[in-house]
Engineer: 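Below: one structure in structure tokens.
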Amino acid sequence: MATVLVTTGATVTFTRLLETVLTPEFIRQLIANGVSTLIIQYGNEIKNGVNLSSKVFHSLLTKHQIVSSLGLKAADSNDQIETYSSSQFTLVALPFSPTISKYIDQADVVVSHAGTGSIVDVLRADKKLIAVVNDELMDNHQAEVAHEFAQLNYCLHSENQAATLILHIKLLLHGLVTLIPFPPQQKHIVQSILFQEANK
Amino acid sequence: MNYETKLCIKVAAFLLPFVVAIVRLIAILPALHSPEITAQGQSFHEVPLIAKNTNVMIFLGSGGHTGEMMRILSQVDLSEVSRTWVTSSNDSASMVKARDFEEHLSSSQPANFLTLHRARAVQEPLLLSIQNTVRSFISTYKGMRELPQLPSVLLLNGPGTSVPLAYMLFAMKYFGLCTTRVVYIESLARVNLLSLSGKLLLPITDRFIVQWEQLYYQYKRAEYYGVLI
């Protein structure tokens, strides 16, 4: 039974990705492909004391009646982490977690916005990644970054579209594409440079 | 002394400060000195010993820039140097991260925190951008004067406010007030083109590090060691 994590980063709400993923149809497709747990990290964009990301997430949940149409039941939520589950499927949702690595570790496939931090976190955890570009951002280089990482075969780069996303998830879950392991973080480089310069 | 000799002396006296100013600039401008290290993929197995009283200033740029910097610093042991953390006025999240880093660091050396007026914001109109940059310069100068120690090294990775900060320290170095070396790491988000901060900072940084090979080939002074975050 597989786990998929969808992560939108900590700062800006990735509304369009949430719209793609939060439909009963998308979730049914995931279940059909052997996914038993979907974890959604929807963001923590706060304006005037209101969590906009949470608002977007919950309005989509209500709009598509996801909980009732999939026969899910709300379990006890704690620390802003909500869980909805049935006998065959569990939906976990959270705004942002400083220990996001815990959720990355649980996942078989991660669908992430193409922010450099998120991409590197997922690849360093040795997880299969699908990068989706957030084109709502201004002055943004996610497209270049996602393209480059995909070109190097470290991850897949998907359009923000339900059918394409499902296809990519399927390919990765069933091992139909092979990705190259991302090199580990190199130690001492920056420290050496800093200390070389400080000693001058 | 005849008129002509006097004139010559006057002209020479007038030009002398300019010549001195330019000679001084040539002497300290990193862009005019070829970097000692250009080797790609050079390994750093041994970290050099660090002198006592070394201060490292770290600028946290906001959002993704701060995210990259904190990931870079996860591989850097700063316990033997004193740290000065610098953030912009509209960015409390970065200050939280700096304080969090300090809480997890056991060090006998002190840490300072400094907040500067922010420079240019994304998509800001030019005039407002200039006004904010000027305010940023002023607040940077005031901030530097309040510090117990000027930094030995400034580590930054953009954006906006990092430019006035680096130029202020460069100006102070020009007048012999400090000896700060500047290390810039371009964001991993920049694949084919340098950011505006990167372009502006290239001439005055002592070490200019990029994270994509494409950029390494484009700029003579760029160094490349793979992804550092």
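Chain identifiers are assigned alphabetically (A, B, ...) following the order of the sequence lines, protein sequences preceding nucleic acid strands; residue numbering begins at 1 within each chain.
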Engineer: A quick test of your reading: do over 12 heavy atoms of other residues, nucleotides or ligands sit less than 6.0 Å from CZ of B/R135?
Structural biologist: no
Engineer: Between A/L152 and chain B, which part of the residue has a heavy atom less than 4.5 Å away: side chain, backbone, both or neither?
Structural biologist: side chain
Engineer: Is there side-chain contact between B/Y225 and A/V190, with at least one heavy-atom pair below 4.5 Å?
Structural biologist: no
Engineer: Check whether more than 12 heavy atoms from other residues, nucleotides or ligands sit under 6.0 Å from atom NZ of A/K170, and answer yes or no.
Structural biologist: no
Engineer: Does CD in A/Q80 sit with more than 12 non-hydrogen atoms of other residues, nucleotides or ligands closer than 6.0 Å?
Structural biologist: no
Engineer: At their closest point, which heavy atom of B/A189 faces which heavy atom of A/T116, and how far apart are they?
Structural biologist: N-CG2, 3.5 Å
Engineer: Before giving the answer on side-chain contact (heavy atoms from CB on, under 4.5 Å), spell out for B/N192 and A/E144 the whole-Å C-alpha distance, their side-chain angles and the decisive distance to 0.1 Å.
Structural biologist: CA-CA 8 Å; B/N192 298 304; A/E144 268 174 281; 3.7 Å; yes
Engineer: Minimum heavy-atom separation for B/R71 and A/D121, please, with both atom names.
Structural biologist: NH2-OD2, 2.5 Å
Engineer: How far does CD1 of A/I193 sit from CD1 of B/I209, to the nearest 0.5 angstrom?
Structural biologist: 3.5 Å
Engineer: As an exercise, state the distance from CG of B/D206 to CD of A/Q196, rounded to the nearest 0.5 Å.
Structural biologist: 12.0 Å
Engineer: Of all heavy-atom pairs between B/Q75 and A/Q191, which one has the smallest distance, and what is that distance?
Structural biologist: O-OE1, 4.0 Å
Engineer: Mind ranking B/D77, B/L193, B/L73, B/V56 by heavy-atom pairs under 4.5 Å with chain A and telling me who comes out on top?
Structural biologist: B/D77
Engineer: Looking only at non-hydrogen atoms, find the nearest pair between B/L49 and A/N199 and report the distance.
Structural biologist: O-ND2, 2.8 Å
Engineer: Please identify, among B/T179, B/T180, B/V153, B/D100, the residue contributing the most non-hydrogen atom pairs under 4.5 Å to chain A.
Structural biologist: B/V153
Engineer: At a 4.5 Å cut-off on heavy atoms, which part of B/Q211 comes close to chain A: side chain, backbone, both, or neither?
Structural biologist: neither
Engineer: Under 6.0 Å from the CD1 atom of A/I180, do we count more than 12 heavy atoms belonging to anything else shown?
Structural biologist: yes
Engineer: Can you measure from CD1 (A/I119) to CG (B/L188) and round to the nearest 0.5 angstrom?
Structural biologist: 7.5 Å
Engineer: I want to check something: taking the side chain as every heavy atom from C-beta on, are A/Q185 and B/S74 in contact at a cut-off of under 4.5 Å?
Structural biologist: yes
Engineer: With chain A, which of B/N55, B/T54, B/V227 has the greatest number of heavy-atom pairs at distances under 4.5 Å?
Structural biologist: B/V227
Engineer: Side chain, backbone, both or neither: which part of B/I185 has an atom under 4.5 Å from a heavy atom of chain A?
Structural biologist: side chain
Engineer: Less than 4.5 Å to any heavy atom of chain A: does that hold for the side chain of B/V182, its backbone, both, or neither?
Structural biologist: neither
Engineer: Taking all atoms of both residues into account, what is the closest heavy-atom pair of B/G226 and A/Q186, and its distance?
Structural biologist: CA-NE2, 4.2 Å
Engineer: Taking the side chain as every heavy atom from C-beta outward, state whether A/V120 and B/E68 have any atom pair closer than 4.5 Å.
Structural biologist: no
